[in-house]
2 protein chains.
Amino acid sequence: MNDKPDVSEETKKKIQKVIDKLGYNPNGIARGLVLQKTHTIGLIIPDISNPFFPEVAKGVEDRARELNYSVIFCNTDNDKKREKEAIDLMKSKHVDGIILSLSISNKEEIYKLEEKNFDVVQIDRKIPDSNYQAVVIDNTLGAYNATSHLIELGHTDIAHITGDLEIQTSQDRLEGFKRAIGTFDLDYKEKWIVEGDFSKESGYKAMKNLLTLEDRPKAVFIANDLMAIGAYEAIFEMGLEIPQDISVVGYDDIEIASIIKPGLTTMTQPKYKLGQAAADVLISKIDNKRNINDEDIILNPKLIIRDSTRGYEDE
Amino acid sequence: MNDKPDVSEETKKKIQKVIDKLGYNPNGIARGLVLQKTHTIGLIIPDISNPFFPEVAKGVEDRARELNYSVIFCNTDNDKKREKEAIDLMKSKHVDGIILSLSISNKEEIYKLEEKNFDVVQIDRKIPDSNYQAVVIDNTLGAYNATSHLIELGHTDIAHITGDLEIQTSQDRLEGFKRAIGTFDLDYKEKWIVEGDFSKESGYKAMKNLLTLEDRPKAVFIANDLMAIGAYEAIFEMGLEIPQDISVVGYDDIEIASIIKPGLTTMTQPKYKLGQAAADVLISKIDNKRNINDEDIILNPKLIIRDSTRGYEDE
DNA sequence: ATGAAAGCGCTAACAA
DNA sequence: TTGTTAGCGCTTTCAT
């Protein structure tokens with residue numbers, strides 16, 4: 001009997017001796033069978049080799065371990081079929097709950113889970129109309145703050161290079177940009193908003209585009225760092241300097257942002273914290289069935305100021 | 001009964017209907033209990049947020065899934081205590097086998113596992129004197145090839161910036177360097193071998209060091225890309241050009257290597273393949289107890305030639 | 001071709 | 001305080 005208060009010290013010691021001698025360790029799976037509890041959670045993510053997720057996974061695993069849970073993990077490559085398989089796997093392994101990030105197109109699986117009353121928390125992206133609690137990072141706010149930084153520096157001619165607009169993230173960042181421009185009563189020109197696709201090359205092209213305009217912008221907010229790197233190239237190629245001729249703000253804070261010259265001002269995302277929070281929420285749901293608070297948790301990204309931005313009038 | 005040949009088609013269909021209607025899914029944990037088999041493997045790695053491991057983890061998970069296994073993962077942060085806990089966890093979860101990368105100082109755990117006749121494969125680093133099969137990448141060969149590339153380009157004055165020499169990897173790369181120099185009958189100068197610690201700053205310092213020498217080298221092999229980035233800075237600061245004045249080869253092929261100017265020639269490691277191979281080996285061990293081949297698997301890194309190297313006489 | 005029963009290793013409930 | 005027993009959901013064996 002597991003540490004019950006009514007076992008004599010003496011017996012405990014005796015038992016412990018035998019345990020050590022035989023090298024016995026308890027069979028968690030038999031225990032799981034009778035207790036209907038595996039002390040395991042599932043982690044379903046699109047791609048562990050996308051630099052966003054390892055930190056998240058680490059946060060999940062660290063916190064889960066602290067709370068006495070272990071984690072089974074699955075990559076889905078954003079593939080609907082694999083997402084379904086991953087969920088079925090979690091069911092058959094009888095995990096106590098699941099942390100997942102599904103592709104938007106896969107609502108059905110979420111609904112099925114809801115029907116079965118499974119404990120789930122969504123991370124990074126929330127499926128619209130789903131009832132499960134989500135832990136996400138506020139992209140709109142991030143973009144708003146990035147743009148505001150430029151405005152506070154005195155800039156008025158600000159462009160934006162978006163990500164692939166099919167993706168919600170890009171839409172959110174675009175909206176944050178527009179909102180900042182609006183809040184400060186600047187007007188933005190449609191031609192200063194150029195669509196990219198998150199790749200370095202698309203950043204290069206978009207920037208080239210912007211720089212050949214007659215009234216070219218003096219600052220640009222770019223939806224991710226990789227495109228910003230491409231933009232750097234375009235800027236240098238035109239013989240311009242950062243930030244003297246043009247200020248640039250990226251998004252993501254990838255490793256290169258601090259290494260490249262000039263250091264890239266960018267938004268950093270609380271990835272580890274996201275993982276921790278998700279594990280916290282899920283496990284408190286599991287351990288304590290009443291939902292104390294099932295509001296979504298929205299984490300704030302943070303501005304990292306480096307050398308790629310400066311005031312318009314600083315010169 | 002699971003797909004036995006002696007069940008009438010009719011019955012099968014009937015059963016299937018009921019299954020679908022009730023939304024039944026089999027309880028893998030009860031099955032595991034009676035079969036003494038969980039179809040789960042453990043993955044114990046130092047740090048998923050170190051860019052080396054996510055690819056490895058992906059390789060493991062992909063291959064495991066193909067072979068019908070799922071994976072429980074643990075981060076250890078190279079902490080002995082956490083390594084032990086992770087192993088105990090795997091035992092209590094009754095995984096069918098473990099893929100792990102332990103710190104060298106933790107031999108005892110490996111030995112204990114051996115005693116218990118557990119299926120294990122080691123990745124990335126092999127504990128000396130352990131009997132478990134390992135899947136590793138040949139650092140000595142990689143360094144040898146990197147250096148040879150420089151020699152084949154016609155260089156004779158070649159320096160080396162090492163990593164932290166407490167770490168086996170650094171030793172291996174140093175040895176590969178020396179071996180290449182020896183094979184081609186060049187002689188190396190001790191002062192051309194400078195110790196760094198894998199950080200960008202140490203690369204900068206070491207390079208500064210090398211460049212202020214009276215007889216400064218015309219080429220340098222650096223034990224990782226991050227230090228190479230630091231070295232770039234030192235080189236540019238001295239008003240020198242890459243590769244005109246000095247050729248540089250790095251190691252790791254981190255993302256920045258292809259983005260920085262000039263593109264860094266470097267060694268890339270088959271990380272995904274490492275993960276796959278480890279899963280292959282482990283699961284074939286599990287499924288088929290006789291050890292077909294328990295030799296270590298040694299994977300070869302590959303040279304990626306970019307713009308940071310050129311022949312000594314090309315000018 | 002199908003049904004009944006035993007048992008995997010554990011915990012909870014109960015009896016002594 | 002300790003010992004005994006039932007049963008978690010499955011597979012396997014044996015009997016029908």
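Chain letters run A, B, ... following the sequence lines, proteins first and then strands; every chain starts at 1. What you see below is based on every heavy atom in this structure, not just the backbone, and it leaves out hydrogens, waters and symmetry mates.
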Problem - By side-chain contact (heavy atoms from CB on, under 4.5 Å) - contacts of A/L165 (at least two apart) - result: A/T162, A/S170, A/Q171, A/L174, A/E195
Problem - side-chain contact (heavy atoms from CB on, under 4.5 Å) involving A/R63 - partner list, sequence neighbours excluded - result: A/E66, A/L67, A/Q276, A/A279, A/D280
Fill in the blank from the handout: Between its two end axes (five pairs each) the helix from C/dA1-D/dT16 to C/dA16-D/dT1 turns, nearest 10 degrees, through 50°
Exercise for the section: For B/E55, enumerate each residue passing the salt bridge (Lys or Arg N to Asp or Glu O under 4.0 Å) test, keeping only those at least two apart in sequence or located in another chain. Expected result: none
Problem - Cationic N near anionic O, under 4.0 Å, B/E61 to B/K58 - result: no
Handout entry: Residue pairs passing the ring pair (Phe, Tyr, Trp, His ring centres under 6.0 Å) test where at least one lies in residues 42-73 of chain A, sequence neighbours excluded
Key = A/H39-A/Y69, A/F73-B/F73
Problem - Qualifying salt bridge (Lys or Arg N to Asp or Glu O under 4.0 Å) pairs, either residue in residues 122-131 of chain B, two or more places apart - result: B/K126-B/D296
Using atom names, set out every protein N or O paired with an N or O of nucleotides 6-9 of chain D below 3.5 Å, distance rounded to 0.1 Å.
from, atom 1, to, atom 2, distance (Å)
D/dC8, O3', A/Q36, NE2, 3.4
D/dG9, OP1, A/Q36, NE2, 3.4
D/dG9, N2, B/A30, O, 3.4

Exercise for the section: Write down the distance between NE2 (A/H39) and P (C/dT11), rounded to a whole number of angstrom. Expected result: 11 Å
Completion exercise
Sorted by chain and number, sequence neighbours left out, side-chain contact (heavy atoms from CB on, under 4.5 Å) with A/E255 holds for A/I259, B/L226, B/I256
Exercise for the section: Please list, chain by chain and in numerical order, all residues satisfying side-chain contact (heavy atoms from CB on, under 4.5 Å) with B/D172, sequence neighbours excluded. Expected result: B/N139, B/T140, B/Q168
